[in-house]
> 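Quick one: this structure, given as structure tokens, is what I'll be asking you about.
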There are 2 protein chains.
Amino acid sequence: MNKYYLFFGNLANPLRVEIISALKEKEMSVLELVEKLGEEQSKISHALKAMKNCSIVSVKQEGKKRIYSLNKETILPMLKIIDKHESKFCEECRAMKEGR
Amino acid sequence: MNKYYLFFGNLANPLRVEIISALKEKEMSVLELVEKLGEEQSKISHALKAMKNCSIVSVKQEGKKRIYSLNKETILPMLKIIDKHESKFCEECRAMKEGR
DNA sequence: TATAAATATGAATTTGTATTCATATGTAAT
DNA sequence: ATTACATATGAATACAAATTCATATTTATA
């Protein structure tokens with residue numbers, strides 16, 4: 001039963017969370033993400049590939065661009081649970097507040 | 001907004017998922033987990049500490065034992081989302097099936 | 001068909017995280 | 001107070017995952 005840890009592992013990374021946050025607003029090409037997040041193109045591409053492998057994002061071709069969009073059906077409720085968790089249980093949560 | 005990746009990172013580990021799976025059934029002492037999962041005691045303790053820091057588990061003292069229990073309120077719906085995600089989107093999900 | 005634009009890929013390196021092992025701390029019983 | 005039991009901790013190492021950088025692919029346009 002390791003599917004859970006693989007899924008979590010896929011999101012256990014600040015850049016990927018940034019990407020999620022960006023794609024929450026609207027779908028975007030790689031270059032748009034590169035510019036919005038100010039990160040290396042290959043970094044973004046690698047991250048997107050991993051996320052796509054887990055169906056966290058999907059992609060469509062549009063001219064020479066590839067437009068990535070977020071799987072909101074899975075991800076939005078997931079983030080909501082974490083928001084709720086944090087506000088309810090993590091008043092003292094060092095790990096999540098201080099970055100450890 | 002890195003709280004998400006810290007939370008995910010906390011669960012991005014097979015042992016911790018095993019612990020969750022065990023605690024889903026019933027609360028357990030460290031030694032019980034050690035025996036049930038067949039892992040080193042310090043390994044279990046380290047894992048539990050990290051999970052406790054994120055309020056994924058909680059602990060109570062009982063004699064010389066410390067009884068850990070799962071934060072079901074957060075974790076169960078979370079796992080449910082992943083189950084649903086997998087059955088819906090991951091027919092071909094290499095990352096989650098082949099362990100990459 | 002040669003060039004440019006957009007993105008993807010591979011492999012080496014770096015970085016982060018878990019594991020290990022020895023030991024310390026806490027708790028109760030004798 | 002000494003011992004045994006249960007768990008926690010720290011630090012070194014091992015391991016896994018992300019970053020980097022150079023280059024390959026893909027798609028469209030001149």
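All of these numbers come straight from a predicted model, not from anything done at the bench. Only heavy atoms go into these numbers, but all of them, side chains included; no hydrogens, no water, no symmetry mates. Letters A, B, ... are given to chains in the order of the sequence lines, protein chains preceding strands, and every chain is numbered from 1.
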> Is it true that A/Lys36 and A/Glu25 make a salt bridge, defined as a side-chain N closer than 4.0 Å to a carboxylate O?
no
> Tell me the closest heavy-atom pair linking A/Ser55 and A/Asn71, and the distance in Å.
O-ND2, 3.0 Å
> Calculate the interatomic distance between B/Leu11 atom CG and C/dT17 atom C1'; express it in whole Å.
14 Å
> Whole angstroms only, please: what is the CZ-P distance between A/Arg16 and C/dG16?
15 Å
> Which angle, rounded to 10°, do you find between the first-five-pair axis and the last-five-pair axis of the helix from C/dT1-D/dA30 to C/dT30-D/dA1?
20°
> Is there a side-chain contact between B/Met28 and B/Ile67, using heavy atoms and a 4.5 Å cut-off?
no
> Would you say that A/Ile75 contacts A/Val57 through its side chain, given a criterion of any heavy-atom pair below 4.5 Å between the two side chains?
no
> What is the distance from CD1 of B/Ile44 to P of D/dA6, rounded to the nearest Å?
16 Å
> Taking NZ from A/Lys52 and P from C/dT7, how many angstroms apart are they, rounded to a whole number?
14 Å
> Quick one: does A/Thr74's side chain get under 4.5 Å of A/Phe7's, heavy atoms only?
yes
> With the threshold set at 4.0 Å, does a side-chain nitrogen-carboxylate oxygen contact exist between A/Lys60 and A/Glu27?
yes
> For A/Gln41 and for A/Leu15, find the nucleotide of DNA chain D with the closest heavy atom, then tell me which residue's nucleotide is more 5'.
A/Leu15
> How long is the line joining CG of B/Leu33 and P of D/dA6, in whole Å?
14 Å
> Distance check, rounded to the nearest 0.5 Å: A/Phe8 atom CZ versus B/Asn13 atom CG?
11.5 Å
> Starting at the 5' end of DNA chain C and moving along, which residue's nearest nucleotide shows up first, A/Glu32 or A/Ala12?
A/Glu32
> Salt-bridged, A/Lys88 to B/Glu73, with N to O below 4.0 Å?
yes
> Taking only N and O in the side chain of A/Lys49, is any of them less than 4.0 Å away from OP1 or OP2 of C/dT9?
yes
> Between D/dA22, C/dA6, C/dA22, spot the one nearest the side chain of A/Leu31, thanks.
C/dA6
> Does this structure show an ion pair linking B/Glu32 with B/Lys65, if we count only N-O contacts that are shorter than 4.0 Å?
no
> Roughly how many Å is it from NZ in A/Lys43 to C1' in C/dT7, rounded to a whole number?
17 Å
> Using a cut-off of strictly less than 4.0 Å between a heavy atom of the residue and any atom of DNA chain D, enumerate the qualifying residues of residues 57-70 of chain B by number.
B/Lys64, B/Lys65, B/Arg66, B/Tyr68
> Regarding C/dT17, can its base be found pairing with the side chain of B/His46 as donor and acceptor, where the two atoms are less than 3.5 Å apart?
no
> Of all the nucleotides listed (C/dC21, D/dA22, D/dT7), which has the minimum atom distance to the side chain of B/Glu40?
C/dC21
> Nearest whole angstrom, please: distance from the P of D/dT19 to the CG of A/Leu37.
12 Å
> In terms of side-chain heavy atoms of A/Ser45, which of C/dT7, C/dA18, D/dT19 is nearest?
C/dT7
> Can you tell me how far C1' of C/dT17 sits from OH of B/Tyr5, to the nearest Å?
11 Å
> Check every strand shown and say whether B/Ser29 touches a base, only sugar-phosphate, or nothing at a heavy-atom separation below 4.0 Å.
sugar-phosphate
> Considering only NZ, NE, NH1 and NH2 on the basic side and carboxylate oxygens on the acidic side, decide whether B/Glu39 and B/Lys43 come within less than 4.0 Å.
yes
